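In what follows, chains are A, B, ... by sequence order, proteins preceding strands, each numbered from 1. Side chains included, hydrogens not; waters and symmetry mates left out as well; all remaining heavy atoms used. It should be emphasised that the depicted structure is a prediction, and the values quoted were computed from it without experimental measurement.
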2 protein chains.
Amino acid sequence: MFFMHVINATDRLPTRGHAAKRLSILEAGARVFCREGYTGANIDMIAAEAGVSRQTVYNHYGDKDRLFAAVVTEITQRCNARSFEVLATFPDQPADLEDELIAFAMRLTQKCVCDEDGKYLRKLIQSEGERHPHLFAGWRTEGPGKVWSALAARFARLAYAGHLELDDPDVAARQFIALVNAELHIPALFGEKLENDQLREVTTRAVKTFLRAYRRNGKEGQETTRVSRALPA
Amino acid sequence: MFFMHVINATDRLPTRGHAAKRLSILEAGARVFCREGYTGANIDMIAAEAGVSRQTVYNHYGDKDRLFAAVVTEITQRCNARSFEVLATFPDQPADLEDELIAFAMRLTQKCVCDEDGKYLRKLIQSEGERHPHLFAGWRTEGPGKVWSALAARFARLAYAGHLELDDPDVAARQFIALVNAELHIPALFGEKLENDQLREVTTRAVKTFLRAYRRNGKEGQETTRVSRALPA
DNA sequence: GACATATTAGACAAGGCTGTCCAAAAATAT
DNA sequence: ATATTTTTGGACAGCCTTGTCTAATATGTC
């Protein structure tokens, strides 16, 4: 009962009491660490932004290091969970492949790349990744590692079903993500948000290019080996 | 590169030893700011790494803010210059389009994306871009803005010459860069370097995909408008 | 209401960092 | 060799931050 909070503060969303403060500190920590960097962030700021006294922060997380670690693992888990949620909506039996891939890509962007957590995670990794690689080792294997290969499996399935023609599903998956994110990098760096219409345009162009390269009969040159590995459910 | 001192905010023309220290401080500043973030960096560290006394740092740059600004503009200019150098080697009249695009993309990666300055710039922008947008406004317009449209013009030229078939050269340019960088992001975040062989593989896959999407006779669906805008020398 | 637990505000020491001042030493130019 | 400019090391005040401690207050349970 008491360990609940210790293990993971967000499996429930408490609105009062111990757990509520704990969560609110975590969220404020994410915002502040991300905005100011590890060294630039200070506990008073986090406490103020969490609507909590400084001492409470220390009561819950011991010290700055441990708070930071908690923030990182929390954000990481949240991002991964989101990614797999979206992944579950991949169009396995598409009626209109292009349309459905576009919709899928937009979900991916909105819920995993351009949302708050995604932004936080990118900034935290960028600023502290080299200094504390152990903190992000989990993210690397559980995050992109699994998400990408899961996405690759979905593409392999589409290829097996005759919708795509591809050499290496892993490469296709990475390229898909790269294309979809192609036009988001610069705005993301400066915290600018894309309107829904713009996002649709950008995504549409990305998916069209992807499909021109990988559609069943959009080939030319390059030997394409038929995929025939174990496919997931 | 030599004009730097003249252009730069402060002051009078430096003598020889003066200029050497000045540069060494700038480079050390880049390393330390990038490694530790703006707040995390301290002047003593920079002075030590520059092989200079702390007072000398203050003599040259006044205070931390102005040193940081100088570092940013220096790195920015260096990166832009590099980018245009590489851009000048774009294959305008390719004998073997794929091979030459691969070589070009590798130059781009090695000299602009994966080199020290590129890494520094990314980290600085990521960590301080939102807080000091004015510092990077110049980079945005002079850097990606001009590089991308210059690259787009080169692609348009290839299209005009019948090598490619593309809708919008600007989009193609961004997608080209996105594909080429697709597999570099994660390693870059953790400061890992790719071997030359791996880089070649990764780049080859990217260019192959790009060309499958945009080669003259690798089409299907999607109305492709012939480009006919003003072309640069 | 009584009790236990969480939370709060504030004070506090220890330490780090910035930016300044200064006098001596070194480098450079004349 | 001498005059001028730069550099150096050290000392310093002022400020901020972390993490601890304490006594008072709030919250929730029985």
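- Two rings, from B:Phe155 and B:Phe90, have their centers less than 6.0 Å apart.
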Go through B:Thr56 and B:Ser53 one step at a time and tell me if the side-chain hydrogen bond (donor to acceptor under 3.5 Å, both in side chains) criterion holds. CA-CA 5 Å; B:Thr56 302; B:Ser53 82; 3.1 Å; yes
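- A donor-acceptor pair under 3.5 Å is formed between the side chain of B:Tyr61 and the backbone N or O of B:Arg22.
- Whole-Å rounding puts the A:Tyr61 OH to C:dA6 P distance at 14 Å.
- For the pair A:Lys21 and C:dT8, the criterion of a side-chain N or O lying under 4.0 Å from OP1 or OP2 is met.
- In this structure, B:Lys146 fails the cation-pi test against B:Phe84, since its NZ or CZ atom is not both closer than 6.0 Å to the six-membered ring centre and inside 45 degrees of the ring normal.
- Residues that satisfy the side chain to side chain donor-acceptor pair (under 3.5 Å) test with B:Tyr58, not counting sequence neighbours, are absent from this structure.
- B:Asn59 has its CG atom 19 Å from the P atom of C:dA25, to the nearest Å.
- Look at A:His60 and you'll find a side-chain N or O under 4.0 angstrom from OP1 or OP2 of C:dT7.
- Taking atom CZ of residue A:Arg66 and atom P of nucleotide D:dT18, one finds them 15 Å apart after rounding to whole Å.
- Residue pairs meeting the ring pair (Phe, Tyr, Trp, His ring centres under 6.0 Å) criterion with at least one member in residues 185-205 of chain A, sequence neighbours excluded, are A:His185-B:His185.
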For every nucleotide of nucleotides 11-24 of chain C, 5' to 3': is a protein heavy atom under 4.0 Å from its base (B), only from its sugar-phosphate (S), or from neither (-)? B-----SBBBB---
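- Here B:His18 reaches the OP1 or OP2 of D:dT7: one of its side-chain N or O atoms lies under 4.0 Å away.
- Contact between the side-chain N/O atoms of B:Thr56 and the OP1/OP2 oxygens of D:dT8 is found at a separation under 4.0 Å.
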